[in-house]
Amino acid sequence: MTPEEIAHSASHQLLNYNYIFPQGNSLAGAVMRTRPYRNPAIIRIIRDMYFVGGNGSFASRHASRFASLEDTNGLTQLQVPKAMVAFVATAYYAALSDWRGGNSRPVDFTTNTYHDVYLGHIGTMEHIESTRLQSFQKMMADIYERANAIVTMEPTYNIAAINLEELDV
């Protein structure tokens, strides 16, 4: 990508909180505004920071910090904490901000710089929680499931789909 394309992409992501939502096939694709905090990048960061590491991961060591929800089938679902999601979304915002000019211009990731962004995410989630409790609980459980599922998935191999006889080497 050219610096202009990077700048455009970063600016588009930062516009109207676009970066917290999944999007269509391109970075400028349709924003799925009914799925806040489900941007795959946010899910991957949560996974990498909190779920990777097996029994030594943050999620394993602090399992009691994850609220639980019983679904309609009687199964218990865990939910990520608001602070975890807000922190990761704020870090993602900071990274995008660093690229707003088309080249990386890192700014220290400090409370003084990003406190208002973090509080904005907390406020957004508190609003969703107070106005749509079930949707909020499902959202937080979905984020937990997605972040944890990526870690626990077994690698899949599609050897049968490859024509080994005519493989171009």
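Since the model is a prediction, treat every value here as computed from it, not as a measurement.
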| said: Could you report the tightest heavy-atom contact between Ala7 and Gly101, atom names first, then the distance? | reply: CB-C, 3.8 Å

| said: As a quick check of understanding, evaluate salt bridge (Lys or Arg N to Asp or Glu O under 4.0 Å) for Arg44 and Asp48, giving each step before the final call. | reply: CA-CA 6 Å; Arg44 279 192 303 275; Asp48 291 347; over 6 Å; no

| Under a 4.5 Å cut-off applied to non-hydrogen side-chain atoms, are Asp142 and Gln79 in contact? | no

| query | Closest approach of Lys138 and Leu69, non-hydrogen atoms and distance? | reply | N-CD2, 4.4 Å

| message | Can you give me the closest heavy-atom contact between Thr113 and Val107, atom names plus distance? | response | CG2-CG1, 3.8 Å

| query | Could you give all pairs that pass the salt bridge (Lys or Arg N to Asp or Glu O under 4.0 Å) test and reach residues 125-134, with sequence neighbours left out? | reply | Lys82-Glu129

| said: Looking at Asn103, I want to see if its CG is surrounded by more than 12 non-hydrogen atoms of other residues, nucleotides or ligands under 6.0 Å. | reply: yes

| Hey, does Leu78 have a side-chain heavy atom less than 4.5 Å from the side chain of Ser68? | yes

| Short side-chain to backbone donor-acceptor contact, Arg65 and Ala63, under 3.5 Å | no

| message | For a quick test of reading the model, state the closest non-hydrogen atom pair linking Asn39 to Tyr19 and the distance between them. | response | ND2-O, 2.9 Å

| If you take all heavy atoms of Tyr50 and Met84, which pair is closest and at what distance? | CE1-CG, 3.3 Å

| field | Joint cluster assignment, Phe109 & Tyr92, ILVMFWY side-chain distance < 4.5 Å | value | yes

| request: Give the C-alpha distance, both sets of side-chain angles, the deciding distance and a yes or no for side-chain hydrogen bond (donor to acceptor under 3.5 Å, both in side chains) between Gln77 and Gln137. | output: CA-CA 10 Å; Gln77 295 179 307; Gln137 291 171 331; over 6 Å; no

| query | If you take all heavy atoms of Asn18 and His12, which pair is closest and at what distance? | reply | ND2-O, 2.7 Å

| remark: The reported gap from CG in Asp116 to OG1 in Thr111 (rounded to nearest 0.5 angstrom) is 11.0 Å

| query | With side chains defined as the heavy atoms from C-beta onward, is the minimum distance between Met139 and Met125 less than 4.5 Å? | reply | yes

| Any link between Leu119 and Tyr93 through a network of hydrophobic side chains (Ile, Leu, Val, Met, Phe, Trp, Tyr) touching at under 4.5 Å? | yes

| said: Under a 3.5 Å distance rule, please check whether Thr124 uses its side chain to pair with a backbone N or O of Gly120 as donor and acceptor. | reply: yes

| said: Run the side chain to side chain donor-acceptor pair (under 3.5 Å) test against Tyr37 and tell me which residues pass, sequence neighbours left out. | reply: His121

| task | Please check if the side chain of Ser57 supplies one atom and the backbone of Val52 the other of a donor-acceptor pair under 3.5 Å. | result | no

| said: If you count every heavy atom of other residues, nucleotides or ligands that lies below 6.0 Å from His127 atom NE2, does the total exceed 12? | reply: no

| query | When you look at CZ of Arg61, are more than 12 heavy atoms from neighbouring residues, nucleotides or ligands closer to it than 6.0 Å? | reply | yes

| Mind checking whether Val80 and Met140 have side chains closer than 4.5 Å, heavy atoms only? | yes

| field | Separation between OG of Ser97 and CG of Leu14, rounded to the nearest 0.5 Å | value | 4.5 Å

| query | To the nearest 0.5 Å, how far apart are CZ in Phe21 and CE in Met32? | reply | 11.0 Å

| request: Nearest 0.5 Å please: distance from the CG atom of Asn148 over to the CD1 atom of Ile43. | output: 11.5 Å

| said: Using the rule that Ile, Leu, Val, Met, Phe, Trp and Tyr join whenever any side-chain heavy atoms are under 4.5 Å apart, tell me whether Ile143 and Phe58 fall into a single cluster. | reply: yes

| task | Mind checking the CG-OG spacing from Leu96 to Ser11? Nearest 0.5 Å is all I need. | result | 9.5 Å

| Out of curiosity, Arg33 CZ to Gln23 CD, how far, rounded to the nearest 0.5 Å? | 8.5 Å

| Are any of the side-chain heavy atoms of Phe87 and Met49 separated by less than 4.5 Å? | yes

